[in-house]
*Asks:* 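Pasting in a structure now, in structure tokens, and then I'll have a few things to ask.
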Amino acid sequence: MERLDRDFFTLDVLEVARRLPGMEIVLRQGAEFKRYMITETEAYNGSEDKACHASRGKTSRNEIMFHAGGYLYLYFIYGMYWMLNIVTGAEGDPQAVLIRGAGEISGPGRVTRCLGIDRTFNREDIVTSERIWIETNGYSPELITGPRVGIDYAGEPWVSMPWRFMIKK
DNA sequence: AACACGATTTCG
DNA sequence: GAAATCGTGTTT
């Protein structure tokens with residue numbers, strides 16, 4: 001297994017979102033290592049994308065999305081869930097990939113809860129972090145694509161863009 | 001200072 | 001179908 005570097009995460013968000021399924025999130029908890037294969041992602045594609053948090057400009061919450069790829073963006077929603085995102089693309093282009101499924105876990109809120117990922121992971125650099133990173137073994141599973149979930153407010157064309165990627169079972 | 005709401009999940 | 005539950009952005 002090979003740890004992913006800065007070059008990978010600075011690729012375009014659509015490229016990263018469709019390549020992450022099949023790769024593994026590695027979490028280090030003391031001497032323990034836990035691995036979860038990413039099964040589902042969604043791409044949030046910069047300032048033009050009305051479903052992207054950064055579409056209405058930079059705020060203290062989304063500022064990390066404007067960095068170069070490889071940083072984590074954690075945000076809290078519905079009063080109880082943390083959403084795990086990986087920032088992608090070049091500096092100044094606010095893109096991120098939402099991790100919607102890992103291992104046997106389905107649903108972004110359940111992923112963070114099960115993996116123990118919370119606000120302390122916000123802005124973590126997964127290229128250099130000692131506690132979380134991504135590895136690949138070259139496996140590239142067949143994918144199913146579809147529109148993103150829960151973003152009806154974004155309107156067309158964004159609500160219809162096929163930017164959800166999941167491993168075909 | 002107050003208010004509205006969300007990249008969800010769970011229960012009835 | 002609707003509640004749970006609160007940080008964040010926006011309005012007052």
Side-chain angles (χ1 to χ4, degrees), chain A residues 4 8-25 27 34 36-90 92-126 132 134 143-169:
Chain A
L4 297 180
F8 176 80
F9 295 109
T10 51
L11 295 172
D12 183 77
V13 66
L14 294 176
E15 175 84 8
V16 175
R18 67 178 170 239
R19 286 175 62 177
L20 281 177
M23 296 184 180
E24 290 190 341
I25 298 173
L27 280 165
K34 292 187 175 179
Y36 303 85
M37 188 175 72
I38 296 171
T39 58
E40 182 178 348
T41 63
E42 277 178 359
Y44 287 85
N45 198 354
S47 51
E48 298 297 306
D49 177 7
K50 288 292 188 292
C52 179
H53 284 173
S55 66
R56 276 164 286 186
K58 187 184 290 187
T59 66
S60 57
R61 179 177 66 161
N62 66 30
E63 183 272 338
I64 191 64
M65 293 182 80
F66 289 79
H67 284 60
Y71 296 87
L72 297 185
Y73 169 43
L74 270 289
Y75 72 90
F76 191 64
I77 194 165
Y78 300 124
M80 56 190 94
Y81 302 112
W82 289 96
M83 299 288 105
L84 171 62
N85 297 257
I86 301 175
V87 175
T88 68
D93 189 357
Q95 312 178 331
V97 175
L98 171 67
I99 305 299
R100 294 189 57 89
E104 299 304 308
I105 309 158
S106 180
R110 300 170 78 181
V111 167
T112 53
R113 194 181 64 191
C114 294
L115 272 57
I117 293 173
D118 59 16
R119 72 174 74 209
T120 69
F121 285 79
N122 193 29
R123 305 172 65 88
E124 187 95 357
D125 183 357
I126 55 170
I132 184 170
I134 310 291
L143 301 180
I144 296 173
T145 64
R148 295 170 292 177
V149 176
I151 57 153
D152 288 353
Y153 63 86
E156 296 291 354
W158 313 108
V159 68
S160 298
M161 299 304 282
W163 290 349
R164 181 187 187 190
F165 304 90
M166 40 196 319
I167 294 179
K168 185 176 182 179
K169 298 220 71 176

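Chain letters run A, B, ... following the sequence lines, proteins first and then strands; every chain starts at 1.
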*Asks:* When the distance from CE of A:Met80 to C1' of C:dA2 is rounded to whole Å, what number comes out?
*Replies:*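 One finds 12 Å between C1' of C:dA2 and CE of A:Met80, rounded.
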*Asks:* Quick one: label A:Leu98 by what it contacts on the DNA or RNA (base, sugar-phosphate, nothing), any heavy atom closer than 4.0 Å.
*Replies:*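 Here A:Leu98 touches the bases of the nucleic acid.
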*Asks:* B:dT8 C1' sits how many Å from A:Asp152 CG, rounded?
*Replies:*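 Value for this atom pair: 14 Å.
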*Asks:* Would the number of heavy atoms belonging to other residues, nucleotides or ligands and lying under 6.0 Å from CD of A:Glu104 be above 12?
*Replies:* no
*Asks:* Would you kindly give the CG-to-P distance between A:Asp49 and B:dA7, to the nearest whole Å?
*Replies:*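 One finds 11 Å between P of B:dA7 and CG of A:Asp49, rounded.
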*Asks:* Say you pick atom C1' in C:dA2 and the same atom in B:dC5; how far apart are they, in whole Å?
*Replies:*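 To the nearest whole Å, 16 Å.
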*Asks:* Compare the aromatic ring of A:Tyr78 with the six-membered base ring of B:dT8 and state whether they stack according to the 5.5 Å and 30° rule.
*Replies:* yes
*Asks:* Are A:Gln95 and A:Leu14 packed together at the side-chain level, in the sense that at least one heavy-atom pair is separated by less than 4.5 angstrom?
*Replies:*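 With C-beta onward as the side chain, the pair stays apart.
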*Asks:* Answer yes or no: is there a donor N or O on one side and an acceptor on the other, between the side chain of A:Arg148 and the main chain of A:Val159, under 3.5 Å?
*Replies:*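 No, A:Arg148 side chain to A:Val159 backbone: no donor-acceptor pair under 3.5 Å.
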*Asks:* Strictly distance-based, threshold 3.5 Å: is any side-chain N or O of A:Thr112 a donor or acceptor partner for the main-chain N or O of A:Leu84?
*Replies:* no
*Asks:* Given the side-chain rings of A:Tyr75 and A:Tyr73, with only the six-membered ring counted for Trp, is the space between their centroids under 6.0 Å?
*Replies:*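 Close enough - the centres of the two rings lie under 6.0 Å apart.
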*Asks:* Using the aromatic ring of A:Tyr75 (for Trp, its six-membered ring), decide whether it stacks on the base of B:dA7 within the limits of 5.5 Å and 30°.
*Replies:*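 Answer is no, no stack.
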*Asks:* Over all strands shown, is A:Met83 touching base, sugar-phosphate only, or nothing at heavy-atom distances under 4.0 angstrom?
*Replies:*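 Touches sugar-phosphate only.
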*Asks:* Establish, with yes or no, whether the OP1 or OP2 oxygen of C:dT8 is under 4.0 angstrom from a side-chain nitrogen or oxygen of A:Ser60.
*Replies:*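 No, no such contact exists.
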*Asks:* Reading 5' to 3' and counting Watson-Crick or G-U wobble pairs with both distances under 3.5 Å, write the dot-bracket notation for DNA chain B, | for bases paired outside the strand.
*Replies:* ||||||.||||.
*Asks:* Side chain of A:Arg61 only, please: which of B:dT8, C:dT5, C:dG9 is the nearest?
*Replies:*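 My answer, after comparing the listed nucleotides, is C:dG9.
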*Asks:* Report which part of the nucleic acid A:Gly109 touches: base, sugar-phosphate, or nothing (heavy-atom distance under 4.0 Å, all strands).
*Replies:* sugar-phosphate
*Asks:* To the nearest Å, give me how far apart CG (A:Leu74) and P (C:dT8) are.
*Replies:* 11 Å
*Asks:* Return the nearest nucleotide to the side chain of A:Arg110; candidates are B:dA7, C:dG7, B:dT9.
*Replies:*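 When the side chain of A:Arg110 is considered, B:dT9 is the closest of B:dA7, C:dG7, B:dT9.
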*Asks:* Supply the atom-to-atom distance A:Ile105 CD1 to A:Thr39 OG1, rounded to the nearest 0.5 angstrom.
*Replies:* 8.5 Å
*Asks:* Grab the CZ-C1' distance between A:Arg100 and B:dT8 for me, whole Å please.
*Replies:*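 Rounding to the nearest Å, CZ of A:Arg100 and C1' of B:dT8 are 8 Å apart.
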*Asks:* A:Trp82 CH2 to C:dC6 C1': how many Å, rounded?
*Replies:* 10 Å
*Asks:* Between B:dA7, C:dG7, B:dT9, which one does the side chain of A:Phe76 approach most closely?
*Replies:*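 For the A:Phe76 side chain, the nearest candidate turns out to be C:dG7.
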*Asks:* Quick check on DNA chain B: between A:Arg113 and A:Ala54, whose nearest nucleotide comes earlier from the 5' end?
*Replies:*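 This one resolves to A:Ala54.
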*Asks:* What is the distance, to the nearest angstrom, from the CG atom on A:Asp118 to the C1' atom on C:dG7?
*Replies:*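 The distance from CG of A:Asp118 to C1' of C:dG7 comes to 14 Å, rounded to the nearest Å.
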*Asks:* Going by distance alone, is a donor N or O of one side chain under 3.5 Å from an acceptor N or O of the other, for A:Glu63 and A:Thr59?
*Replies:*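 Note: A:Glu63 and A:Thr59 side chains miss the donor-acceptor criterion.
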*Asks:* Grab the CZ-P distance between A:Arg56 and C:dT10 for me, whole Å please.
*Replies:*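 Between P of C:dT10 and CZ of A:Arg56: 7 Å.
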*Asks:* Within the 4.5 Å heavy-atom criterion, are A:Ile134 and A:Phe9 side-chain neighbours or not?
*Replies:* yes
*Asks:* Does OP1 or OP2 of B:dA7 have a side-chain N or O of A:Tyr153 closer than 4.0 Å?
*Replies:* yes
